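Here the structure is laid out as structure tokens; the discussion comes afterwards.
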Amino acid sequence: MKIAILGGTGNIGKGFALRWSYKHEVTIGSRDDEKAKASAAEYNEILKKYGSNDIIEGTDNKTAATNADVVFLAIRYENIPSVIDLITPILDKQIIVSVVVPIARDRCYIHPDSSTLKIDVSDEDYNANYFCYTTPKAGSAAQEIAMLLPQGTELVSAFHNVPAHTLAELDAELDYDIGVCGNSTHSKKIIFDLTRDIPYLRPLDVGPLETSGMVEALTPLVINIASRNKLKDLGIKFV
Ligand SMILES: NC(=O)c1ccc[n+]([C@@H]2O[C@H](COP(=O)([O-])OP(=O)(O)OC[C@H]3O[C@@H](n4cnc5c(N)ncnc54)[C@H](OP(=O)(O)O)[C@@H]3O)[C@@H](O)[C@H]2O)c1
């Protein structure tokens, strides 16, 4: 399978590229062709230590998406519109996968005019250092992406809660569950198979695309618990 990872020069893109390069043709995309090539060379150096040679390619986002079966949007929420604009003219039968989590830091839900929700920031027990899910108007990042993509494009939402650092650490056992949301059984099955290609990851069907917000919102929860309790590489596992 040909996999394009747009924003593949970033934290989560690196892990996806390294993990799938064993079984698939992986191309990482970037706004800058040279940057993509440099990152691909860096990833291939890592793979060499594991006995494989020059298998990840790098190019600009549009070219990467053009030649792919599956296109991962490994970009931040605020960069969605420009990247979708860029790839829309070349979309054909590609399956698009969103891993995007809209996230912000500190006191996101306290309305400035609210009298009941005001917290006395002088209270020394109150530590405002936390992340929260910033719900997009459409309900989730995935639903917003669906509205921007041409009608009929197959879109899956997954991999929101897997930590980038552990994903890129090829010796690490990824004992996590991956919630998969989408409206097409066909494209969900392909993402299930790609998930199983990464040892230990377990794909779980969450529901249609409308359920994506619930899975996306778990990510700031995981980050907050990890940072406040000094727990490394936390993810989600249903037992
Ligand atoms: N980090 C994690 O542990 C993790 C886990 C699960 C899901 N996610 C989600 O994955 C997505 C990427 O996260 P990340 O941590 O990998 O982010 P990141 O490293 O900050 O960024 C990813 C890539 O986005 C590209 N980019 C930057 N500005 C851009 C712009 N204006 N337009 C288009 N592309 C731009 C950059 O690539 P170029 O400069 O090469 O274009 C960058 O390498 C986010 O939505 C995040 O919520 C992250």
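Both counts, for ligands and for their atoms, begin at 1 and track the order of listing. Since the model is a prediction, treat every value here as computed from it, not as a measurement.
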Side chain, backbone, both or neither: the part of N79 lying under 4.0 Å from ligand 1 by heavy atom: side chain
For V83, atoms of ligand 1 separated by under 4.0 Å from a heavy atom: 33 (C)
Side chains of N129 and R105, donor plus acceptor under 3.5 Å: yes
Hey, would you say the F72 and F16 ring centroids sit under 6.0 Å apart? yes
Do T9 and S39 pair up side chain to side chain, a donor and an acceptor below 3.5 Å, judged on atom types alone? no
In terms of side-chain heavy atoms, does S184 have a donor or acceptor partner in E154 at a distance below 3.5 Å? yes
Side chain of N183, backbone of L209: donor and acceptor closer than 3.5 Å? yes
Below a 4.0 angstrom heavy-atom separation, can you tell me which part of A74, side chain or backbone, both or neither, approaches ligand 1? backbone
With atom 44 (C) of ligand 1 as the reference point, say which of I28, I75, N11 has the nearest heavy atom. I75
List ligand 1 atoms under 4.0 Å from V162, heavy atoms only on the residue side. 3 (O), 5 (C), 6 (C)
Against heavy atoms of T9, which atoms of ligand 1 measure under 4.0 Å? 36 (C), 37 (O), 38 (P), 40 (O), 42 (C), 43 (O)
Heavy atom under 4.0 Å from ligand 1: found in H160's side chain, backbone, both, or neither? backbone
For S30, atoms of ligand 1 separated by under 4.0 Å from a heavy atom: 38 (P), 40 (O), 41 (O)
Salt bridge D177-R202, side-chain N to carboxylate O under 4.0 Å: yes
For ligand 1, note which part of R31 has a heavy atom under 4.0 Å away: side chain, backbone, both or neither. both
Could you tell me if any non-hydrogen atom of D32 lies under 4.0 Å from any atom of ligand 1? no
In ligand 1, the atoms that come under 4.0 Å of a heavy atom of G10 are 16 (O), 19 (O), 22 (C), 43 (O)
D233, L234, D175 screened by side chain to side chain contact (heavy atoms under 4.5 Å, CB included) with T166, the one that passes: D233
Only distances under 3.5 Å count here; give the side-chain donor-acceptor pairs of residues 77-93 to other protein atoms, sequence neighbours excluded, each with its distance to 0.1 Å.
| residue | atom | partner | partner atom | Å |
| --- | --- | --- | --- | --- |
| Y77 | OH | E144 | OE2 | 2.4 |
| S82 | OG | N79 | O | 3.2 |
| T88 | OG1 | I84 | O | 2.6 |

